[in-house]
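Inspection log for the structure reproduced underneath, given as C-alpha cells.
The analysis underlying the following values was restricted to heavy atoms, covering all of them including side chains, and did not include hydrogens, waters or symmetry mates.
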Amino acid sequence: MKNVFQEAATTLDIPSVQEWKKKDRKVVGYTCSFMPVEPFYAAGILPLRLRGINATSMEIADSYYGPFVCSFPKALLQVAGTGKYGFLDGVVLSNGCDTLRRLDDCWRKMGQDIKGSLPPWFHYLDVPHKPDGHAFDWYVNQIKKMMAAIEKQFDVTITQEKLYHAIKEQNRVRSLLWELEKLRRKDELKVTGSEAYTAIIAGTVMPRDIYAGHLSDLIEDIQNRTVDVAANRKRLFLSGSVCDDFDLIHLIEQSNAIVAGENLCFGVRNDEDIVSETGDPVAALAAKYLSGSVCPRMMGWYQARSARLMNRIKNINVDGVILQNIRFCDLHGSENGLFERDLEKNRLPSLRIEREYGPLTESGRLRMRVDAFIEQLSSGNQTR
Amino acid sequence: MSIVAGCDVGSLTTKAVIIKNKRVMDSAIIRSGPKPAESAAKVMEKLFDQTGISQKEIACCVGTGYGRGKIPFIDHAVSEISCHGKGAQWLVPTARTIIDIGGQDCKVIKLDKQGNLLKFVTNDKCASGTGRFLDVMAKVMNMEVSDLGRLSAKSSAPVIFASVCTVWAQADVIKHINSRRPAEDICAGINTAMANRVSMLANTLKIENDLCITGGVAKNDGVVKALAKILGCRIKRIKRTDPQLTGAVGAALFAQERQQALFNNPNRRYL
Amino acid sequence: MRPELKEYNLDWLFASTFNVSKHLCNATPKELKSMFKYIPYVRGLLEPLLATGKPAMTFLDFFGDYYTEITNAKKNGKKVVMTTFCFDPSIFYAVDNVVPVTLEIGTALTSMLWKRGSTDFMDYCTEIGFSETGCSSQRGAMGAYLAGLGADIDLVALNMGGVCDTNSNAYAFAAQYLNVPYYGLDYPANLTSEDVQEYHHKDYRALIRFLEENTGCKFDIDRLREVLEEKRKQDDLMNELEEMQRLVPNPVPGIYHIMIYAGRFIFSGKKKYTRMLGEMVEIVRKNAEEGRSGLKKGIEKNRTFLLYIDNYALGISMVEWFEKKGISHMGSILSRTFTETAPYTTGIPGTTYRIDTTTLDTMIDTMADINARMPMTRTIRGPYDAPNMWLEDSISLAKIYNADCCIYNGTPGCRNTWSNIKLLTRDLEALGFPTHIAYADSFDSRVEAWETTETRLDEFYKIRGLL
C-alpha cells in the first residue's frame with residue numbers, strides 16, 4: 001500500500017483516478033482546503049486537489065502571473081498549461097489568498113492561448129474571511145450555490161440522502177486520519193513523517209473508498225511494527241504554507257530528525273475535525289470547514305488558531321518546530337513571525353524558513369539551516 | 001598531544017585549520033572549485049605542505065560549509081552555523097551574538113555562555129548583505145574588494161544608495177562614478193548599504209553583547225563601522241586569526257571535542 | 001532601526017512639519033528659496049505643493065490638524081483606531097471620541113519627506129517577525145506604531161478582506177502584536193448582486209457594534225447626517241474636477257490627484273477638505289475657461305492614465321517628471337470616487353453608491369456602500385475582466401479622459417495586481433493603449449531607484465513615440 005500512496009502523492013497520472021475516468025465518471029479539481037469535498041462525492045464526482053508537483057520551470061506561468069507572487073499558484077498554472085490537467089471535467093477556484101484567487105483570471109487567459117488547457121467548467125467558491133454570524137450564513141449559501149451549479153453542469157441531483165452518505169463516508173476517512181495522527185503522537189514512533197504525509201496527501205487525490213481501504217491497512221501495519229523510528233532523533237513539527245511536495249520532509253528527515261506532525265493545509269488536526277451527521281448537512285459542512293479558522297486567511301482569528309496549534313504541538317511532544325513559508329506568502333510569512341514569538345514564550349525552539357514551492361526549493365541552503373537547527377536542539381540548552 | 005583539523009568548504013573560498021595542543025598551528029585559504037571534494041583535498045594538501053604534518057597524524061577532522069557532505073576524508077560533518085558560533089566564541093570568549101558575512105550568505109548566531117547554539121537566522125537567497133555584493137561593487141569600481149574599507153574611511157559625505165539590490169546598486173554606482181562623486185564617498189555608500197541589510201537580520205535576533213563579526217567581510221572596516229553605528233553597539237573584532245577562518249576553526253574545535261570524548265572514554269562511539 | 005529615530009514620535013513629527021510648513025504659504029519667493037536650503041528632503045513635496053497656492057495652504061492645515069489630533073488623542077481622552085487608506089474615515093468623525101490613523105498615509109509621507117524614507121520602519125516590521133515581502137505601504141508607518149514611536153493604538157478596523165489579503169494581513173498582524181481588538185470588513189468577489197449588498201450591510205453593522213463596544217462611542221443621527229452631507233459636497237466637487245479633466249488640454253494640475261486622495265483618506269466628511277476641493281475647483285475652472293493646461297509649463301504633450309498608484313519614493317518624483325516632460329497626469333485608481341453622480345460611472349445598478357441621509361439605517365447602509373466602493377474595494381475585488389472591475393474601469397476612464405497611454409506603478413507587495421497586471425496590460429495594448437509596467441516600489445526606493453524607474457519611463461515614451 002505504500003506504493004499506492006507513493007504513486008498517488010508523487011505523480012499526476014494516478015492509476016485509481018484513471019480507473020475512475022475509464023468508468024465515465026467525472027473529476028473536478030479544487031485548490032483550497034476551505035472547499036468542501038462532500039457535495040462532489042454526493043454527486044458521484046471525484047474531487048481532486050490540484051497540485052503543482054512536477055513543474056520544473058515556470059515559462060508558461062510567467063506569461064500570466066507577475067514576478068512578485070507565490071510559486072504555488074504559478075506551479076498549478078504551469079502544470080495546467082502543459083496539459084497535465086486535461087482530464088479534469090471542471091475546476092472549483094476559491095479565494096484562499098490573493099494569488100490563488102487570481103488563478104481564475106490567469107487560467108482563463110491562458111485558455112485563450114493554449115488550446116485545451118481550460119477545463120470545461122469553472123466555478124468560483126467565495127469563502128468568507130471570518131467564520132461566524134453573517135459570514136457563516138454567506139458560506140452556507142455559497143455551498144448551496146455550488147451544489148446547484150454541480151447539478152446543472154453535470155446533470156445530477158444531490159439529494160439530502162446522498163449528501164448525508166457522503167458526509168458519513170468522508171468522516172470515516174477523517175477518523176482514519178485521526179487514528180494515524182494518534183499513532184504519530186505516541187512515545188514510540190513507528191512511522192516516519194515522509195510515510196505518513198505521503199498517505200495524507202494521497203487522500204486528497206485518490207477516490208475516497210479505495211483510499212480508505214488502503215489507509216486502514218496502513219494503520220494496521222503501523223500498529224504491528226516494532227521499530228521506533230524516532231529513537232535518537234529529534235521530533236519536529238512542520239507548519240506554514242501549503243506543502244504537498246515531499247522534498248522538504250525528506251530533507252528534514254535526512255537530518256537526523258523525524259517529522260511527527262504537520263499543519264500544512266492537509267490532514268486532520270484533532271478529534272473534533274469531523275462533520276456533524278445530524279441536523280442540516282450544509283450547515284454542518286459550513287461549521288466544519290470554517291471551524292477553528294485554521295488558515296491565516298481568516299484574519300483576526302490568530303488567537304484561536306494559535307491556541308489549537310500550541311495544544312496540538314504539545315500533544316505531539318516535539319523537540320522543535322519548523323515554520324516555513326513560500327516566498328511571497330505573506331499570510332503564513334507573518335503568522336510564522338507571531339508563532340515564533342509565542343513558541344518562544346512556551347520555550348519551544350523554532351526555525352523559520354522561506355522557500356520556493358516544490359521542486360524549486362533550494363535544497364543546499366535549506367539543508368544547512370535544518371542541520372544547524374538539529375544541532376541547536378542537541379546542544380543541551382534547549383528545553384522541551 | 002593531539003592534532004585535529006577543520007575544513008570549511010564555502011561557496012567562494014575553502015578554508016582549513018590545524019589545531020595542535022589547543023592552539024591554531026596553521027591555516028590555509030584557497031578559492032573553491034566546482035567540486036567540494038577536490039577543493040577540500042587541495043586546501044588540506046596545502047596545509048600539509050605548510051606544516052609538514054601528514055594526513056595520518058590528524059586524529060580527527062570535521063568538515064563544514066556547503067560542500068561538507070561531499071568531503072570523503074572527514075570524520076564528521078557539522079553545519080557552518082554551529083562551526084561559526086563555536087569558532088567565534090573560542091576566538092572572542094565573551095561573544096554572545098555573532099554576525100558572519102560570507103561570500104554568498106549572511107548569518108546571525110546567538111550563543112549562551114557555554115557556547116551552545118540558542119538561535120540563528122540566515123539571509124534569503126538574495127546576494128545583498130553578502131560578500132558577493134561587495135565583490136560586485138568593487139568590480140564596478142575597478143578596485144580590489146579590500147580597498148572598499150580602506151577608502152571609505154576617508155569619506156565625509158557617503159553616497160546614499162537607494163537600492164540594496166545587487167543588480168540595481170551596480171547601476172547606481174556607475175551613475176555616481178559618471179557624475180564624478182569621489183570614490184571614497186561611493187565606497188562608504190556601498191559599505192553602508194551592505195550594513196543596512198545585515199543590520200535588519202541582526203535585529204531580528206535581538207542582539208546580546210558582546211557582538212562579534214566573522215567571515216571575509218569582517219576584514220572590511222567600512223562595513224564593520226557602519227554596522228556598529230546602525231546597530232548602536234560596539235562590535236568586537238577577531239584578532240587572534242583571520243576572521244574568514246572562523247568556521248574552519250570551529251570545525252577543528254568540534255574535532256577536538258570529539259577527540260577528547262573518545263580519549264576520555266575509549267569504548268564510547270562518536271556522538 | 002537607527003537609534004536616532006527612536007528619539008521622536010512620528011505623529012508629533014508630522015504634526016510639527018505640517019503646522020510649521022503651512023505658514024510658508026505666506027512667504028515670499030525669496031524667503032522660500034532660502035528656506036528650501038534647510039529642508040532638502042521635505043522640499044521634494046513642499047515645493048511643488050506650495051506652487052498650487054490656496055489649496056496647498058488648506059492641505060497643510062488639515063494635515064497639521066490630523067496629526068495634532070492623533071498626537072493629543074490620549075490627552076483628550078480619545079481612542080485611536082488604526083485603519084487603512086481605502087476605509088472611509090467619515091464614520092469616525094461622526095463620533096466624539098475616536099481618532100483614525102491611516103498607515104499608508106504615514107508611510108507615503110515618510111517616503112516622500114525623509115532622507116531615507118521609511119525604510120527603517122519597514123525593516124523594523126521584518127525584525128519583529130512580519131513578512132519582508134508584505135506590502136511596503138503598511139510596513140512603513142506600521143513599524144513606527146509597533147515600535148511605540150507613534151500614538152498608542154486602541155483598536156484596528158479596516159475594509160480589505162477579500163480585496164487585498166496582504167493589507168488585511170498586515171493589520172491583523174499589528175492588532176495581534178499590539179494585542180488590541182480587530183475588525184475587518186470582508187468582501188465577496190461580486191459587487192452588484194443583492195446577496196452581496198446584504199452582506200456588506202450586515203458586515204458594516206457588525207463593525208458599528210465593534211466600534212461601540214470597544215470605544216464606548218455613540219452615533220448621533222444628526223452628526224452622522226452632517227458628515228455625510230459634507231461628503232456629498234465633496235463628491236460633487238470631485239466630480240466637477242473629474243469632468244473638467246476631460247478637456248484638452250487638461251486643466252487639472254497633476255499634483256491635485258495626490259492631494260485629493262490623500263485628503264479623502266484622512267479627512268473625508270470634514271469641512272476643511274471640502275474647502276480645499278472648492279479652492280481647487282475655482283483654479284481649475286479658471287484654467288479651463290482660459291484653455292490652459294494644469295501643467296506648469298502650460299503645454300500638454302501627452303495624457304497618461306495611471307492604472308494603479310503614483311510613486312512616492314523620495315519626493316513626488318513621478319508627478320514632477322510628468323511636469324518636466326509635459327505629460328498630463330490623468331489620475332490613478334486612487335483618485336476616483338464611485339458615487340452615482342461621478343461622470344464615468346456606468347449606470348449599472350449596484351456599481352455606485354448613493355448618499356441617503358433619510359434615517360440612521362439608510363445612513364449606515366450608505367457608509368457600507370461607500371466602503372464597498374472605495375478605489376480598491378470596488379475595482380480590484382473580482383476577476384480583472386469581470387463587469388465593472390479593473391479592466392472595464394481602466395478602459396472607460398482611459399477613453400473618457402482621452403488618455404494616450406497607461407502606466408502601472410505599485411508595490412511588489414501587491415499580490416493582487418501583480419497576479420493580473422500582465423493580463424490587463426495585454427488587453428489594454430490590444431485596445432490601442434500603450435501600457436508600461438514599472439517594477440518600482442512606490443514607497444521603498446531600495447527596490448528600484450527612482451533614476452532607474454525614470455530611465456525606463458523615458459524609454460517607454462520614446463520607443464512608443466508618445467512624446
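Taking OH of C/Tyr177 as the reference point, atom CG of A/Leu338 lies at 9.5 Å (rounded to 0.5 Å). For the atom pair OH (A/Tyr64) and CZ (C/Arg426), the distance works out to 5.5 Å, reported to the nearest 0.5 Å. Rounding to the nearest 0.5 Å gives a distance of 11.5 Å between OG of C/Ser419 and CG of A/Asp104. Annotation: the span from A/Phe68 atom CZ to C/Thr166 atom OG1 amounts to 13.0 Å, rounded to 0.5 Å. With rounding to the nearest 0.5 angstrom, the CG atom of C/Leu423 is 11.0 Å from the CE atom of A/Met110. We find the CE-OH distance between A/Met299 and C/Tyr171 to be 13.0 Å, quoted to the nearest 0.5 Å.
For chain A, no part of C/Leu158 is nearby; none of its heavy atoms comes within less than 4.5 Å. Within the 4.5 angstrom heavy-atom criterion, only side-chain atoms of C/Asn179, from C-beta onward, approach chain A. A/Arg352 touches chain C through its side chain: at least one heavy atom from C-beta onward sits under 4.5 Å away, while N, CA, C and O do not. Contacts between A/Glu335 and chain C at a heavy-atom distance below 4.5 Å are absent for every atom of the residue. Contacts of A/Asp342 with chain C are absent, with no heavy-atom separation under 4.5 Å from either backbone or side chain. Heavy atoms closer than 4.5 Å to chain C are found nowhere in A/Phe339, neither backbone nor side chain. Residue A/Asn141 touches chain C through its side chain alone, counting heavy-atom pairs closer than 4.5 Å. Only the backbone of A/Ser63 comes within contact range of chain C, judged by heavy atoms closer than 4.5 Å.
Between C/Phe173 and A/Leu331 there is no side-chain heavy-atom pair separated by less than 4.5 Å. Within the 4.5 Å cutoff, no side-chain heavy atoms of C/Met389 are placed close to those of A/Asp105.
For CD of A/Glu59, the number of neighbouring non-hydrogen atoms (other residues, nucleotides, ligands) closer than 6.0 Å is greater than 12.
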Where do C/Val196 and A/Trp138 land on the side chain to side chain contact (heavy atoms under 4.5 Å, CB included) test, with the steps shown first?
CA-CA 9 Å; C/Val196 168; A/Trp138 169 268; 3.6 Å; yes

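When every heavy atom of A/Gly66 is checked against every heavy atom of C/Lys422, the shortest pair comes out as CA-CE, 4.0 Å. The shortest non-hydrogen separation linking C/Tyr182 to A/Gly300 is CD2-CA, 3.5 Å. Between A/Gly333 and C/Ser131, the shortest heavy-atom distance links the atoms C-CB, 4.0 Å.
Chain A forms the most heavy-atom pairs under 4.5 Å with one residue out of C/Thr425, C/Val156, C/Asp427, and that residue is C/Asp427. Of the residues considered (C/Cys135, C/Ala386, C/Pro412), C/Pro412 shows the highest number of contacts with chain A, using heavy-atom pairs under 4.5 Å. Looking only at heavy-atom pairs under 4.5 Å with chain A, the residue among C/Gly162, C/Ala175, C/Ala172 that has the most is C/Gly162. For the set A/Ser306, A/Ala135, A/Cys70, the count of heavy-atom pairs under 4.5 angstrom toward chain C peaks at A/Ala135.
Using a 4.0 Å cut-off between charged side-chain N and carboxylate O, C/Asp385 and A/Lys109 make no salt bridge. Salt bridge status for C/Arg139 with A/Asp330: absent, with no side-chain N to carboxylate O gap under 4.0 Å.
At distances below 3.5 Å, not a single donor-acceptor pair connects side-chain atoms of C/Asp186 with backbone N or O atoms of A/Pro128. The closest donor-acceptor contact from the side chain of A/Lys130 to the backbone of C/Gly184 lies under 3.5 Å. Side-chain N or O atoms of A/Arg341 include none that pairs as donor or acceptor with a backbone N or O of C/Ile128 at under 3.5 Å.
Taking non-hydrogen atoms and a 4.5 Å limit, the residue list of residues 92-102 of chain A in contact with chain C, ordered by number, reads A/Gly96, A/Cys97, A/Asp98, A/Thr99, A/Arg101, A/Arg102.
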